[in-house]
Asks: 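Just passing along the structure, written as structure tokens.
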Amino acid sequence: MFRSPLTLYRTVAIAEAVSWTLLIAGLVLRATVGLDVAVSIGGGIHGFVVLAYAATTVLVAKNQHWTARPTILALIATVVPYATVPLELWLHRSGRLDGPWRTAPAPAPGDPRDRTWHDRAFRAAIGHPLLLGGGLVAAVALAFAVLLVIGPPVPKA
């Protein structure tokens, strides 16, 4: 299903935008009919998808050798409703999502982007997509659980 960085990134960017819709709908339901649980459900889904989007951004940025600018813009896009979709379009049009997963060293011999230990570890992880995907889902779920235990970012009265 996610045979390229483009398909994975596009799917998660759209899911993040859909999760904004769920959160906003929950806020509207709470304000209009007093259905507080709608915010809990929409907010929970949105929070999980935002964490998944951040993990996907880091993974794709590493694979595509993004500089800090597009990576930071992609991470900031999570706080602006629906911003991940136009950002994904810009990344695609600018060629930053082109190409396959980097399971082998760069074709240019001695490419400095492939000399580090973390580039070799990254290629090894990408070579085992089910293990990598399961590990990322587990890491996102753990981060989500920790954030749930910590509680909402609202000061208690």
Side-chain angles (χ1 to χ4, degrees), residues 1-31 35-92 96-104 116-157:
M1 179 174 178
F2 301 121
R3 297 202 183 274
S4 71
L6 171 64
T7 58
L8 175 63
Y9 196 81
R10 178 170 286 162
T11 301
V12 178
I14 291 169
E16 202 273 343
V18 169
S19 75
W20 268 111
T21 302
L22 295 173
L23 176 59
I24 293 168
L27 291 167
V28 168
L29 286 171
R30 181 178 67 183
L35 192 60
D36 291 342
V37 72
V39 174
S40 297
I41 293 169
I45 292 169
H46 176 67
F48 189 85
V49 175
V50 164
L51 292 174
Y53 176 82
T56 300
T57 295
V58 171
L59 181 73
V60 171
K62 178 69 176 162
N63 186 76
Q64 302 300 97
H65 295 297
W66 289 356
T67 60
R69 181 177 176 249
T71 305
I72 291 168
L73 283 174
L75 293 172
I76 290 172
T78 62
V79 299
V80 178
Y82 306 106
T84 57
V85 173
L87 182 85
E88 183 276 329
L89 291 171
W90 171 70
L91 290 169
H92 180 57
R96 289 180 173 91
L97 294 173
D98 292 347
W101 290 108
R102 197 165 42 93
T103 57
T116 62
W117 66 269
H118 52 84
D119 282 306
R120 290 188 295 275
F122 177 80
R123 285 193 306 273
I126 289 294
H128 298 90
L130 291 177
L131 287 174
L132 177 62
L136 285 175
V137 168
V140 167
L142 178 63
F144 185 71
V146 167
L147 290 171
L148 282 177
V149 169
I150 292 171
V154 179
K156 295 183 180 182

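One-based numbering along the sequence shown. Since the structure is predicted, the reported quantities are computational estimates derived from the model, not experimental observations.
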Asks: Roughly how far, to the nearest 0.5 Å, is CD of Gln64 from CG of Leu91?
Replies: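 It is 9.5 Å, given to the nearest 0.5 Å.
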
Asks: State the CG-NE2 distance between Asp98 and His92, to the nearest 0.5 angstrom.
Replies: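 Between Asp98 CG and His92 NE2, I get 6.5 Å after rounding to 0.5 Å.
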
Asks: Considering only heavy atoms from C-beta outward, does the side chain of Ile126 approach that of Lys62 to under 4.5 Å?
Replies: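 They are not in contact (no side-chain heavy atoms under 4.5 Å apart), so the answer is no.
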
Asks: Would Tyr82 and Ile24 count as a side-chain contact (heavy atoms from CB on, under 4.5 Å) here? Give the steps.
Replies: CA-CA 11 Å; Tyr82 306 106; Ile24 293 168; 4.0 Å; yes

Asks: Mind checking the CG-OG1 spacing from Leu73 to Thr84? Nearest 0.5 Å is all I need.
Replies: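 Leu73 CG to Thr84 OG1: 13.0 Å, rounded to 0.5 Å.
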
Asks: Working to the nearest 0.5 angstrom, can you tell me the gap between Ile41 CD1 and Ile45 CD1?
Replies: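 Here the rounded value is 7.0 Å.
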
Asks: Can you tell if the side chain of Leu51 reaches within under 4.5 Å of the side chain of Leu147, non-hydrogen atoms only?
Replies: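 Contact flag for Leu51/Leu147 side chains = yes.
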
Asks: Using the ring of each side chain (for Trp, its six-membered ring), is Tyr53 parallel, tilted or perpendicular to Tyr9, with breaks at 30° and 60°?
Replies: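 Correct class here is tilted.
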
Asks: If I compare all heavy atoms of Leu97 with all of Leu6, which pair ends up nearest, and what's the gap?
Replies: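 Residues Leu97 and Leu6, closest heavy atoms: O-CB, 3.6 Å.
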
Asks: Might you point out which heavy atoms bring Gly99 and Ser4 nearest each other, and give the distance in Å?
Replies: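 Between these two residues, the closest heavy atoms are O-CB, 4.1 Å.
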
Asks: Before you tell me yes or no, could you show the steps for Leu59 and Leu132 under side-chain contact (heavy atoms from CB on, under 4.5 Å), namely the whole-Å CA-CA distance, both residues' side-chain angles and the distance that decides it to 0.1 Å?
Replies: CA-CA 10 Å; Leu59 181 73; Leu132 177 62; 3.9 Å; yes

Asks: Compare all side-chain heavy atoms of Val60 with those of Trp66 and state whether any distance is below 4.5 angstrom.
Replies: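 Yes - at least one pair of side-chain heavy atoms lies under 4.5 Å apart.
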
Asks: Quick one: does Arg30's side chain have a donor or acceptor within less than 3.5 Å of a partner on Ser40's backbone?
Replies: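 A pair under 3.5 Å: no.
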
Asks: Examine distances only and state if a side-chain atom of Trp90 and a backbone atom of Pro70 form a donor-acceptor pair shorter than 3.5 Å.
Replies: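 No.
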
Asks: Sub-3.5 Å donor-acceptor pair from the side chain of Asn63 to the main-chain atoms of Pro100, do we have one?
Replies: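 Pair found, side chain donor or acceptor close to backbone of Pro100.
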
Asks: Pick out which of Thr57, Val85, Thr78, Thr56 makes a side chain to side chain contact (heavy atoms under 4.5 Å, CB included) with Glu16.
Replies: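 Single side chain to side chain contact (heavy atoms under 4.5 Å, CB included) partner of Glu16 among Thr57, Val85, Thr78, Thr56: Thr78.
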
Asks: How long is the gap from CG on Asp36 to CG on Leu27, to the nearest 0.5 Å?
Replies: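 Those atoms lie 10.5 Å apart.
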
Asks: Restricting to pairs with a member in residues 116-152, which pass ring pair (Phe, Tyr, Trp, His ring centres under 6.0 Å), not counting sequence neighbours?
Replies: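 Sorted result for residues 116-152: Phe48-Phe144.
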
Asks: Locate the shortest heavy-atom distance separating Leu87 from Ala74; write the atom from each residue and the value.
Replies: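 Nearest heavy atoms, Leu87 then Ala74: CD2-CA, 3.2 Å.
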
Asks: What are the two closest non-hydrogen atoms of Ala61 and Thr71, and how far apart are they?
Replies: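 The answer is CB-OG1, 3.5 Å.
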
Asks: Could you give the distance from OG1 (Thr11) to CD (Glu88), rounded to the nearest 0.5 Å?
Replies: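 That separation rounds to 9.0 Å.
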
